[in-house]
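A short worksheet on the structure shown next.
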Amino acid sequence: MITSPDKEPRFYQAVGQDLIERIMSGEFKAVERLPSERELAAAYDVGRAVIRDALVMLEVKGLVEVRQGSGIYVTRRAWEAQALKLNDIPASQMPEGLPAAGPFELLQARQWLESHIARLAATYATDFDLKAISEAYEDHQRAPYGEVKEAMDIRFHLTIARATQNMELVAVVQQLRNRRENNPLWARLSERIRDPNYRDRWVMDHNELVDALMRRDPEGAYVAMWRHIENVRKFLESQMNDGSEAG
């Protein structure tokens, strides 16, 4: 049914629209629990990240609700609606008019891009760059939780990108950050984070990354960045966990 990840709508949008149609057909009733994430992934023959993004999108639109420890349920609004389209989520704030990306789609893009950027930075960074990276790391470590720590995290990643000596890569990293900050799906996922100090988790990841850059170790920097964003992904997945299944 879903033929290509490269065609519009995006994979998660196609899955989400199909779920809506199944709700409209009466397959899923109001306040009825949806199949588990694992079951949906198997049924649609897609990765679980696609299912998570589809469910976040439906949650943003008020079509499903997550009940911790119980599952994901269809809301009365979803069942009673006559015609719902996923592509009506505003894209006006998205660069180049692109549709909103799923949160885990954004993380996958960041993981691939920034890991390669870290490798380049370890190769091409000047002494000035390494000093700037170290200072950005220390500022992030000391920053209080909240907007300040978030700003310091962005500065840290952009400083690494600048160390590649390629400003186009800096621009792409900034664009991905902007797409995340203006993304209603990411905002909804962030609202569900229960740990108020979760950003402190990434200080050790950043430390390992800085150590590899200071050693001018390209492969070590690549692995450290990949592992860092993988840890972010796993943490966010834990916030999506509705308690209805294990693994």
* For residues Gly102 and Leu185, report the shortest heavy-atom separation together with the two atoms involved. => CA-CD1, 4.1 Å
* To do: Check the pair His140, His206 against side-chain contact (heavy atoms from CB on, under 4.5 Å), reporting the backbone distance first and the verdict last.
  => CA-CA 9 Å; His140 174 262; His206 285 183; 3.5 Å; yes
* **Under-4.0 Å salt bridge between Arg216 and Asp127** => yes
* Structure fact -> Shortest non-hydrogen pair, Arg179 vs Asn183, comes out as O-CB, 3.0 Å
* Asked: For the residue pair Met152 and Asp139, what are the closest heavy atoms and their distance?
  -> SD-CB, 3.7 Å
* Asked: Could you state the interatomic distance from CG (Leu236) to CG (Asn231), rounded to the nearest 0.5 Å?
  -> 11.0 Å
* How about Leu169 and Leu113: do any of their side-chain heavy atoms sit closer than 4.5 Å? -> yes
* Which distance, rounded to the nearest 0.5 Å, do you find between the CG of Leu55 and the CG of Leu19? -> 7.0 Å
* So if you build clusters from Ile, Leu, Val, Met, Phe, Trp, Tyr with side-chain heavy-atom gaps below 4.5 Å, do Phe128 and Ile160 land together? -> no
* **Gln141, CD: over 12 other non-hydrogen atoms inside 6.0 angstrom** => yes
* Structure fact -> Interatomic distance, CZ@Arg38 vs CZ@Arg48, rounded to 0.5 Å, equals 5.0 Å
* Asked: Counting only N and O atoms by type, is there a donor-acceptor contact under 3.5 Å from the side chain of Ser115 to the main-chain atoms of Trp112?
  -> no
* To do: Would you confirm whether Thr75, through its side chain, and Leu63, through its main-chain N or O, come within 3.5 Å as a donor-acceptor pair?
  => yes
Could you pull out all donor-acceptor pairs under 3.5 Å where a side-chain atom in residues 219-227 meets a protein atom, sequence neighbours excluded?
| residue | atom | partner | partner atom | Å |
| --- | --- | --- | --- | --- |
| Glu219 | OE1 | Arg119 | NH2 | 3.1 |
| Glu219 | OE2 | Arg119 | NE | 3.0 |

* Asked: Do the non-hydrogen side-chain atoms of Arg155 and Glu150 ever get within less than 4.5 Å of each other?
  -> no
* Hey, what do you get for CD1 (Ile72) to CD1 (Ile51), rounding to the nearest 0.5 Å? -> 10.0 Å
* To do: Please test Leu34 against Tyr73 for side-chain contact (heavy atoms from CB on, under 4.5 Å), starting from the C-alpha separation and ending with a verdict.
  => CA-CA 6 Å; Leu34 289 176; Tyr73 290 79; over 6 Å; no
* Asked: Is Arg162 salt-bridged to Asp129, going by a charged N under 4.0 Å from an acidic O?
  -> no
* **Straight-line distance of Glu135 CD to Thr159 OG1, nearest 0.5 Å** => 9.5 Å
* Asked: Glu208 side chain to Asp205 main-chain N or O, any donor-acceptor pair under 3.5 Å?
  -> no
* Heavy atoms only: give me the nearest Ala161-Ile117 pair and the separation to one decimal. => CA-CG2, 3.6 Å
* Indicate yes or no for a side-chain donor-acceptor contact from Asp53 to the backbone of Phe104 under 3.5 Å, with no hydrogens or angles considered. => yes
* Full working for side-chain contact (heavy atoms from CB on, under 4.5 Å) between Tyr12 and Val46 -> CA-CA 9 Å; Tyr12 74 90; Val46 296; over 6 Å; no
* To do: Is it possible for you to say whether Tyr137 and Met204 belong to one hydrophobic cluster, with membership spreading through side-chain heavy-atom contacts below 4.5 Å?
  => no
* **With Asp153 via salt bridge (charged side-chain N to carboxylate O under 4.0 Å, His left out) - residues at least two apart** => Arg177
* To do: Kindly compute the distance separating CG (Asp18) from OH (Tyr44), expressed to the nearest 0.5 Å.
  => 3.5 Å
* Asked: Is it true that the side chains of Tyr124 and Asn166 contain a donor and an acceptor less than 3.5 Å apart?
  -> no
* Asked: Counting distance only, does the side-chain N/O of Ser134 pair as donor-acceptor with the main-chain N or O of Leu130 below 3.5 Å?
  -> no
* Test Arg180 against Arg110 for side-chain contact (heavy atoms from CB on, under 4.5 Å), laying out the working first. => CA-CA 11 Å; Arg180 187 191 75 174; Arg110 279 194 60 207; 4.3 Å; yes
* To do: Mark yes or no for whether Glu105, through its side chain, and Pro103, through its backbone, hold a donor-acceptor pair below 3.5 Å.
  => no
* Is Glu237 salt-bridged to Lys234, cutoff N-O under 4.0 Å? -> no
* To do: Would you name the heavy atoms of Val170 and Leu158 that are closest together and state the gap between them?
  => O-CD2, 3.9 Å
* Asked: Can you name the nearest heavy-atom pair linking Leu176 to Ala109, along with the distance?
  -> CD2-CB, 4.3 Å
* For Gln111, the option from Arg233, Glu230, His228 that meets side chain to side chain donor-acceptor pair (under 3.5 Å) -> Glu230
* **Heavy atoms from other residues, nucleotides or ligands near CE of Met214 exceed 12 (cutoff 6.0 Å)** => yes
* To do: Could you check if a side-chain atom of Phe156 sits within less than 4.5 angstrom of a side-chain atom of Trp202, using non-hydrogen atoms only?
  => no
